[in-house]
Participant: 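Structure below; questions to follow.
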2 protein chains.
Amino acid sequence: MNKAQTLYELVWMSRPLMQAAEACVERGLTDTGLTVRMRAVLEMLLAHGAMPVPEIAARLDIQRQYVQLMVNETLASGFTVQQPNPRHKRSPLVGLSDQGRELIRDITQKEMDLMAAMGAGFSDAEVASALRVVHAVTAKLKTLAGEAE
Amino acid sequence: MNKAQTLYELVWMSRPLMQAAEACVERGLTDTGLTVRMRAVLEMLLAHGAMPVPEIAARLDIQRQYVQLMVNETLASGFTVQQPNPRHKRSPLVGLSDQGRELIRDITQKEMDLMAAMGAGFSDAEVASALRVVHAVTAKLKTLAGEAE
DNA sequence: GTCATAATGACATTAATAATGTCAACTATC
DNA sequence: GATAGTTGACATTATTAATGTCATTATGAC
């Protein structure tokens, strides 16, 4: 099979891969009270600290109105708390509660353990190379899709 | 960065990759009268020949009721035609019309050209290795997600 | 051939995810 | 202070897909 065909297959594998990953993540969330989208909020806050809703939206590349819903859910469940925002009185910072921090740390750690187990069959170089290719392909597709007509 | 972290990133890239790919495919379909899901039907029929709706559903791993809708759209647009099914009188084979065959061939060819252009930066080995990794990761995630509790 | 069971197309309902629209309150900038 | 932009809140719409139901018709065992 030539390179173009292989790339074609790689691109079309993105959907099955994503679906399998989502199913796996979802499975890891059972009995935690979290949904996949709430998890995304917590992960963002763990990685980058407390921030207002519009910033979460920008980083996740999702509409802020939708992120607002996601954040509201995490607030209602007590995984996040609002903190005064020195830079904006109307838009509080959303930060992890102790409960939320512990939970998301636990979850991501378990996911990482899974990845470690899954990497058994590959070399570091293979995996790193695969990531580079996927990154590059994604970037190129994005520029193509976004071109002016 | 260690292997597990790299794999983790690779898995999480599946969503951006898929979204970029879909946007690109959609862009290629403008003015063809096709939608992405109709395209999926035509591609299946081009690759594997005429088949009844339930078989398309099985191969696409989608509910047959939903595939029925997709197929009905392609029939309404004249991209597919019903043919008598010797193995089942109630469930006709769905096959490509001349128009549909020409269209899907044209579309996939253009997509393949795009892939060829995109492969410029990588070696055959890199791309092939990336596909192997993605395949294996997807398969492992699927088994994990499907395990009994 | 008859009958039980399964497959099929058709249609309806529900759900999840996300985009879009709107607005009043508020903030920042000039 | 006037004006334009930001934000949270809420409503509406769209897309994609799963699920439920049912009458019709095949299929397969006997």
Side-chain angles (χ1 to χ4, degrees), chain A residues 12 14-16 18-27 29-30 33-41 44 50-76 80-95 145-146, chain B residues 12 14-16 18-23 25-27 29-30 34-41 44 50-76 80-95 145-146:
Chain A
W12 282 106
S14 63
R15 175 181 287 270
M18 197 205 71
Q19 285 176 340
E22 276 214 345
C24 225
V25 168
E26 213 168 338
R27 188 175 149 80
L29 294 180
T30 46
L34 272 184
T35 61
V36 176
R37 65 192 202 180
M38 288 163 77
R39 179 200 168 289
V41 170
M44 178 65 63
M51 62 184 80
V53 167
E55 188 177 341
I56 302 176
R59 284 180 188 266
L60 290 177
D61 197 22
I62 303 180
Q63 307 299 311
R64 78 186 165 80
Q65 288 91 335
Y66 190 54
V67 172
Q68 186 75 50
L69 294 180
M70 296 159 64
V71 168
N72 288 350
E73 289 169 357
T74 64
L75 286 167
T80 56
V81 291
Q82 292 185 329
Q83 304 163 4
N85 181 356
R87 301 184 51 188
H88 202 297
K89 285 179 188 170
R90 183 84 190 287
S91 187
L93 295 177
V94 181
Chain B
W12 283 105
S14 62
R15 175 180 287 270
M18 196 204 73
Q19 285 176 339
E22 277 215 346
V25 168
E26 213 168 338
R27 188 177 150 79
L29 294 180
T30 46
L34 273 184
T35 62
V36 176
R37 65 191 200 180
M38 288 163 76
R39 180 199 169 290
V41 171
M44 180 63 65
M51 61 184 82
V53 167
E55 188 178 340
I56 302 177
R59 284 180 187 263
L60 289 176
D61 198 22
I62 303 180
Q63 307 299 310
R64 81 188 163 79
Q65 288 92 334
Y66 191 53
V67 173
Q68 186 75 50
L69 294 179
M70 298 159 63
V71 167
N72 289 350
E73 289 169 357
T74 64
L75 285 168
T80 55
V81 290
Q82 291 185 329
Q83 305 164 2
N85 182 357
R87 300 185 51 187
H88 202 296
K89 286 178 187 170
R90 181 89 189 284
S91 187
L93 295 177
V94 181

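Residue numbers start from 1 in every chain, and the chains themselves are labelled A, B, ... in the order their sequence lines are given, proteins ahead of strands. These numbers were taken from a predicted model, which means no experiment stands behind them.
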Participant: For B:E22 and D:dT15, give me the distance from atom CD to atom P, rounded to whole Å.
Facilitator: 14 Å

Participant: Counting side-chain heavy atoms from CB outward, which of C:dG9, C:dT20, D:dT7 is closest to A:R64?
Facilitator: D:dT7

Participant: Using whole Å, report how far CG of A:D61 lies from P of C:dA18.
Facilitator: 11 Å

Participant: Write down the atom of B:M70, the atom of B:M38, and the distance for their closest heavy-atom approach.
Facilitator: O-CG, 4.3 Å

Participant: How close do B:A57 and B:R64 get, heavy atom to heavy atom, and via which atoms?
Facilitator: CB-CA, 3.5 Å

Participant: In whole angstrom, give the distance that lies between atom CD of A:Q68 and atom C1' of C:dT17.
Facilitator: 17 Å

Participant: Starting from P on D:dT15, measure out to CD on B:E73 and report it in whole angstrom.
Facilitator: 11 Å

Participant: Choosing from C:dT20, C:dA19, D:dT21, which nucleotide comes nearest the side chain of A:I62?
Facilitator: C:dA19

Participant: Between C:dG21, C:dG9, D:dT21, spot the one nearest the side chain of B:V53, thanks.
Facilitator: C:dG9

Participant: Return the value, rounded to whole Å, for the distance between atom CG of A:L75 and atom C1' of D:dA9.
Facilitator: 14 Å

Participant: For D:dA17, does either OP1 or OP2 sit under 4.0 Å from a side-chain N or O belonging to B:Y66?
Facilitator: yes

Participant: As a test of reading the structure: which of D:dG8, D:dA9, C:dT20 is closest to the side chain of A:P54, going by heavy atoms?
Facilitator: D:dG8

Participant: Output yes when at least one side-chain N/O atom of B:S91 is less than 4.0 Å from OP1 or OP2 of C:dG9, else no.
Facilitator: yes

Participant: Side chain of A:P92: nearest nucleotide among C:dT17, C:dC11, D:dG8?
Facilitator: D:dG8

Participant: Going by heavy atoms in the side chains, are B:V53 and B:V94 under 4.5 Å from each other?
Facilitator: yes

Participant: Out of D:dT16, D:dG8, C:dT20, which nucleotide sits closest to the side chain of A:Q63?
Facilitator: C:dT20

Participant: Does A:Q65 or A:R15 map to a spot on DNA chain D nearer the 5' end, using the closest nucleotide for each?
Facilitator: A:Q65

Participant: For the residue pair B:L93 and B:P52, what are the closest heavy atoms and their distance?
Facilitator: CD2-CD, 3.4 Å

Participant: Between B:N72 and A:M70, which residue's closest nucleotide on DNA chain C lies nearer the 5′ terminus?
Facilitator: B:N72

Participant: Taking CG from B:N85 and C1' from C:dG9, how many angstroms apart are they, rounded to a whole number?
Facilitator: 14 Å

Participant: For the pair made of CD in B:E26 and P in D:dT16, what is the distance, rounded to whole Å?
Facilitator: 7 Å

Participant: Between D:dT7 atom P and A:I56 atom CD1, what is the distance in whole Å?
Facilitator: 12 Å

Participant: What are the two closest non-hydrogen atoms of B:V71 and B:T74, and how far apart are they?
Facilitator: O-OG1, 2.6 Å

